[in-house]
Amino acid sequence: MKDNLKSIGLNEEYDISVTICTYHPVKEKLFETIDSILKQEDVHLQVIIADDGSETDYFDDAKRHMEHQGFYSYKFVKNKTNKGTVYNFLNAVSACDSNYIKAISPGDMLLSAKTMRRWLDAVIEAGYEWSFGDAVYYERTPDGRMNFLEKTAHPRDVSVYIKKDFHHCRINYLINKDNCLGAAILLTKRAAQKYLNIIAGKIIYTEDNIFYLMMLDGLVPLYYHDAPVLYYEFGSGISTAGNTVWSERITKDRNAVFDIILQQCSDLLTNGFIENKDIYNWGFTAIGDSQEELELARRVKRAIIINSRQNKIIKRIAKIFNMDMFTFYIQTKIKRRKTTTIWD
């Protein structure tokens with residue numbers, strides 16, 4: 001415990017900073033999120049609200065709302081013009097006065113009064129740069145009630161984290177895109193700053209792409225907080241709203257992080273690959289007789305045709321892991337798990 005504290009260099013003033021990044025926020029949702037933070041017990045925290053150029057940012061209202069509850073450890077950060085989520089989050093992180101950060105969006109709420117203390121204690125004890133928990137998904141009904149949803153949980157496979165299987169954690173994240181839910185992540189300020197600065201100017205909206213780069217660098221969240229940590233509003237954010245414009249922007253950002261990974265993988269490898277039209281023609285008939293394996297092969301080949309950029313990355317990462325492509329896909333099949341609508 002003491003060694004972990006020393007290596008991380010904990011700030012004595014605050015245990016953790018909670019960042020709320022906004023753009024044209026709904027005041028009621030913003031206040032719900034703030035209230036879930038202020039009810040946290042036994043933890044000395046700071047609130048950073050960063051707005052990305054909204055005409056109405058509700059800073060004055062939020063200030064009065066927090067001070068009315070006797071809370072004064074807050075900061076407001078404002079972009080004069082809209083620059084996108086990555087720069088907005090980077091501004092928020094830069095303003096933090098603690099060594100740990102929990103990002104949360106208006107409409108999402110920390111689950112219980114003990115959530116932050118229990119999670120933070122476990123992360124400090126484990127000594128990792130980042131950690132993830134689970135979320136309770138919900139949507140608002142027309143009359144304002146919370147309707148809890150059963151959705152596919154992220155990551156789908158937590159067994160590799162429970163087993164602390166460093167190797168397969170990276171494979172699942174980087175290759176199978178079995179990513180963590182960004183809303184359910186806690187990380188150090190130094191990691192957030194380092195990787196946000198790498199993607200700033202290249203990726204605009206999807207700040208959680210930094211976790212791909214962290215995984216590539218071997219920063220694996222081997223502490224999985226096996227409990228729901230927040231209520232996650234499904235369908236209102238850019239990644240779950242199903243909006244065509246936002247889908248295109250997310251795809252553009254994803255391709256940008258793939259390009260960054262591709263370059264980093266190329267830097268990691270001493271030998272290049274021969275790029276030609278037959279590079280993906282593997283011997284699928286050699287994989288076996290089972291219908292399951294044949295179907296997997298068909299899905300893999302379709303994926304290759306659809307996304308050649310990502311497959312270049314997959315080939316390089318497979319090379320780093322010293323695995324052939326068939327073994328890579330066969331050994332990394334993932335079963336889905338569902339989010340919970342029942343919790344303690």
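The shown structure was predicted, so the numbers you read here are calculated from the model rather than taken from an experiment.
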Identify the two heavy atoms, one from [X] and one from [Y], that lie closest to each other, and give their separation to 0.1 Å.
X	Y	result
Trp119	Ala184	CH2-O, 3.4 Å
Pro25	Thr56	CD-O, 3.7 Å
Ile101	Ile16	N-CG1, 3.9 Å
Asn88	Ala50	ND2-O, 3.1 Å
Ala200	Val86	CA-CG1, 3.9 Å

Exercise for the section: For Phe76, check side chain to side chain contact (heavy atoms under 4.5 Å, CB included) against everything at least two apart and list the hits. Expected result: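 For Phe76 the side chain to side chain contact (heavy atoms under 4.5 Å, CB included) partners, ignoring immediate neighbours, are Ile49, Phe59, Ala62, Lys63, Met66, Tyr74.
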Practice task
Not counting sequence neighbours, which residues clear side chain to side chain contact (heavy atoms under 4.5 Å, CB included) with Arg140? List them please.
Solution key: Glu32, Met109, Tyr138, Met146, Glu233
Rounded to the nearest 0.5 Å, how far apart are [atom1] of [X] and [atom2] of [Y]?
X	Y	atom1	atom2	value
Leu181	Phe211	CG	CZ	10.5 Å
Leu90	Thr19	CG	OG1	11.5 Å
Ile37	Gln46	CD1	CD	11.5 Å
Tyr224	Ser131	OH	OG	10.0 Å
Asn91	Tyr87	CG	OH	9.5 Å
Leu120	Leu45	CG	CG	10.0 Å

Can [X] and [Y] be counted as having a side-chain donor-acceptor contact under 3.5 angstrom?
X	Y	answer
Thr115	Ser112	yes
Asn179	Asp208	no
Asn99	Thr188	no

Practice task
Check whether any side-chain N or O of Gln69 sits under 3.5 Å from a backbone N or O of Arg64 as a donor-acceptor pair, and report yes or no.
Solution key: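 Not at all, since once roles are kept as given, no pair shorter than 3.5 Å links the two residues.
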Exercise for the section: Look at the aromatic rings of Tyr137 and Tyr232 and report parallel, tilted or perpendicular, splitting at 30° and 60°. Expected result: perpendicular
Exercise for the section: For the pair His225 and Tyr223, name the ring-plane relationship: parallel under 30°, tilted 30 to 60°, perpendicular over 60°. Expected result: tilted
Practice task
With side chain to side chain contact (heavy atoms under 4.5 Å, CB included) as the test, would you mind laying out the steps for Val229 and Leu111 before giving the verdict?
Solution key: CA-CA 5 Å; Val229 295; Leu111 195 117; 5.8 Å; no
Problem - Under-4.0 Å salt bridge between Asp121 and Arg117 - result: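 So Asp121 pairs with Arg117 through a salt bridge.
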Problem - Carboxylate-amine/guanidinium proximity below 4.0 Å for Lys202 and Asp259 - result: no
Handout entry: ring-ring contact (aromatic ring centres under 6.0 Å, His included) partners for Tyr161, two or more places apart
Key =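 Tyr161: ring-ring contact (aromatic ring centres under 6.0 Å, His included) contacts with Phe132.
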Exercise for the section: Please tell me if the side chains of Asp97 and Lys75 come closer than 4.5 Å, counting only heavy atoms from C-beta onward. Expected result: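 Of all side-chain heavy-atom pairs linking Lys75 with Asp97, at least one is under 4.5 Å.
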Exercise for the section: May I ask you to check whether over 12 heavy atoms, not counting those of Lys252, lie within 6.0 Å of atom NZ? Expected result: no
Exercise for the section: Step through the shown structure and confirm whether more than 12 heavy atoms of other residues, nucleotides or ligands are within 6.0 Å of NZ on Lys83. Expected result: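 No, the 6.0 Å shell around NZ holds no more than 12 heavy atoms from other groups.
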